[in-house]
Structure formats: C-alpha cells, structure tokens
Amino acid sequence: MRIARIAHPTGMSFAVLEGEGRGATAAEIEGHPFAQIKLTSQRWSLEDVRLLAPILPSKVVCVGRNYADHAAELGNEVPKEPLIFLKPSTSVIGPAEQIRLPAVSDQVEHEAELAVVIGLHGARGLDREAAKASIFGYTCANDVTARDLQHQDVQFTRAKGFDSFCPLGPWIETDADVSDAEVRCEVNGEVRQLGSTKDMVFDPATLVAYVSQVMTLLPGDVVLTGTPAGVGPLQAGETVSVSVAGVGTLSNKVVPSE
C-alpha cells in the first residue's frame, strides 16, 4: 500500500494512492495512517493534488558508513556497530521542493538512501525481531551533506542539518521487500549512485533495534539506512532524483541560497 501526505483542494491529509499513471487517485484517510486505515468519501485525481513529505518526523536518525564501498570512497573504515547521527525535523522537505545550497558551503553533495518509517507503537529497547515488526514502511531519502563543513567540523550536525537537507518521499510503501532493492541517484538524468540494499553492513531491522536501545523512536520517526558509493556534488539548477526499487522515485531541484 502506498501512503502519501497530500495538499488537495480543501486542505491537507494522508491518503492511500490507488492505481497507476493518468488514472491514479488519492483516497483520503481519516486521521493518521498508523492504526487501522479508514477512508473518507473524498477522492481526487492524483493530478489534482500535490505530494508533500510523506511524514513529518519528530526526528530523523541517520546511519553513516553502512555500505563498505561508501566508507572506502571517503577513506573511512566500516564501523563495528552502527554509526548514528541526527538530522533536525526542519531539514525535511517533500517531492519537488527545492534543496537550497547554503552560502557557507562550496561542496554540497547528494546521498541516496532507503528510509525506514516507524509505526504506531514506536520502538524502544527492542530486539531485532520486534524492531522489524515496528517498521510501518519505507520511503526514499536524500541525506544532503555539506561535505566541506563535515570535514571542517568533524562532527556532522551543521553539515547535515541545513533546512531542505532531508528530502523524503514520494510516499510510504508499506509492502516493499527491501532485502535486495536497487538504490539509485541520478543528477540531470546521469546515474551517480547505483547500489543495492543487500550490501548494507547492518540491515534495517538491525538498525532500528540498535537505535531503539539509545533513544525512543516515536510513530512517524524516520531512520535513514546509509548510502552506497558515488556521492558527488550538487550545483544550482540541477535536478537530483533518488530511486529505491519497489518504493518510488523522489526528485528535487537544487537552487542557490537566498
């Protein structure tokens, strides 16, 4: 099932996306989607609504160096346990929204990632099996990074935390098999990153379990699972697209700072 958050002619709501192509529709959900889904009588053509970030998490927990090839390209060793850091909720944007290049950075880069969305009961102190059951679904993410500031600061907060540095979308796919899903990044149609989730050092359930031992994950919180090799620069005027097989494609335009 594809769950979206949409702007429609009468406001904003969650919706179930039905159908494909020109005949696709968005069926409004009553309230939030985490419990039993109940549809209202409202339906719109997908062409008549705007897809928003599919969830507004209280926090975005990210995992660094979770693909050996990406760790190697940055000259880092693969960690013995997950390396986690946070992006603020204010960094989240949705499909077709603009990634804004900060004036203080000369090296902003894309990082295509599979994102995990936590379900109704959250996750706190879970083992791997319980963590797997806590996953509501998956979406695409771009862990946009000011690489020069990351090297300068050593820790990641500023480099990863700018407004617009966490595109999410286009929807949450609740039934995806992400055991061996292609993760791709294209910039203006040129393939920059191409990997598979099977090459993760730690799989999504293991990551959720690990994070849940550190902090409580609330319903709707997001865990980014790391990026494959091929990260590279973004320039104003480019369009960057992140695709995860079985989930969807997320595209954003890059613009200069205001």
Side-chain angles (χ1 to χ4, degrees), residues 59-88 91 102 104-116 118 123 125-129 131-132 135 138-162 165-168 178-187 191-215 217 221-234 240 242-245 247:
K59 55 187 170 291
V60 179
V61 185
C62 308
V63 180
R65 306 172 193 167
N66 198 33
Y67 289 78
D69 56 358
H70 173 59
E73 75 176 343
L74 296 183
N76 298 311
E77 295 183 357
V78 174
K80 292 182 172 60
E81 58 183 18
L83 171 64
I84 62 174
F85 57 94
L86 295 174
K87 278 181 178 280
S91 66
V104 295
S105 175
D106 295 320
Q107 189 182 358
V108 174
E109 297 186 351
H110 56 78
E111 294 192 11
E113 309 205 10
L114 170 72
V116 172
I118 301 299
L126 302 183
D127 62 20
R128 185 183 178 281
E129 285 306 307
K132 186 176 181 179
I135 296 173
Y138 303 92
T139 191
C140 304
N142 192 343
D143 178 18
V144 182
T145 303
R147 194 72 65 196
D148 50 352
L149 302 184
Q150 184 181 14
H151 293 323
Q152 178 181 316
D153 296 350
V154 181
Q155 56 84 34
F156 297 173
T157 304
R158 182 168 64 138
K160 303 278 192 174
F162 286 95
F165 268 30
C166 189
L168 295 176
V178 296
S179 59
D180 184 9
E182 181 185 272
V183 179
R184 173 190 295 259
C185 179
E186 296 183 4
V187 178
V191 177
R192 295 278 191 86
Q193 293 179 267
L194 188 61
S196 172
T197 56
K198 70 179 175 59
D199 296 322
M200 289 181 180
V201 180
F202 306 102
D203 71 0
T206 299
L207 295 175
V208 171
Y210 181 87
V211 173
S212 80
Q213 301 293 331
V214 179
M215 66 190 79
L217 292 168
D221 278 351
V222 170
V223 178
L224 305 193
T225 59
T227 194
V231 299
L234 292 172
V240 55
V242 173
S243 300
V244 178
V247 178

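Numbers here are sequence positions counted from 1.
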Considering residues at least two apart in sequence or located in another chain, which fulfil the ring-ring contact (aromatic ring centres under 6.0 Å, His included) criterion with [X]?
X	answer
F156	F85
F165	F162
Y67	none

Partner set under side-chain hydrogen bond (donor to acceptor under 3.5 Å, both in side chains) for [X], not counting sequence neighbours:
X	value
S212	none
H70	E73
E77	none
Q155	T157

Student check: side-chain heavy atoms of V222 and V61 closer than 4.5 Å | no

Please list, chain by chain and in numerical order, all residues satisfying salt bridge (charged side-chain N to carboxylate O under 4.0 Å, His left out) with R65, sequence neighbours excluded.
-> none

[X] side chain vs [Y] backbone, donor-acceptor pair below 3.5 Å:
X	Y	answer
D221	K59	yes
E182	L194	no
Q193	G230	no

Sequence neighbours excluded, every pair satisfying salt bridge (charged side-chain N to carboxylate O under 4.0 Å, His left out) that has a member inside residues 139-161 |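 Qualifying pairs: K87-D143, E109-R147, E111-R147, E111-K160, D143-K160, D153-R158.
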
All pairs passing salt bridge (charged side-chain N to carboxylate O under 4.0 Å, His left out) where residues 193-206 contributes a residue, at least two apart | R128-D203

Residues two or more places apart in sequence or in another chain: which of them pass side-chain contact (heavy atoms from CB on, under 4.5 Å) with V242?
->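 With sequence neighbours excluded, V242 shows a side-chain contact (heavy atoms from CB on, under 4.5 Å) to A112, C140, N142, given in chain and number order.
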
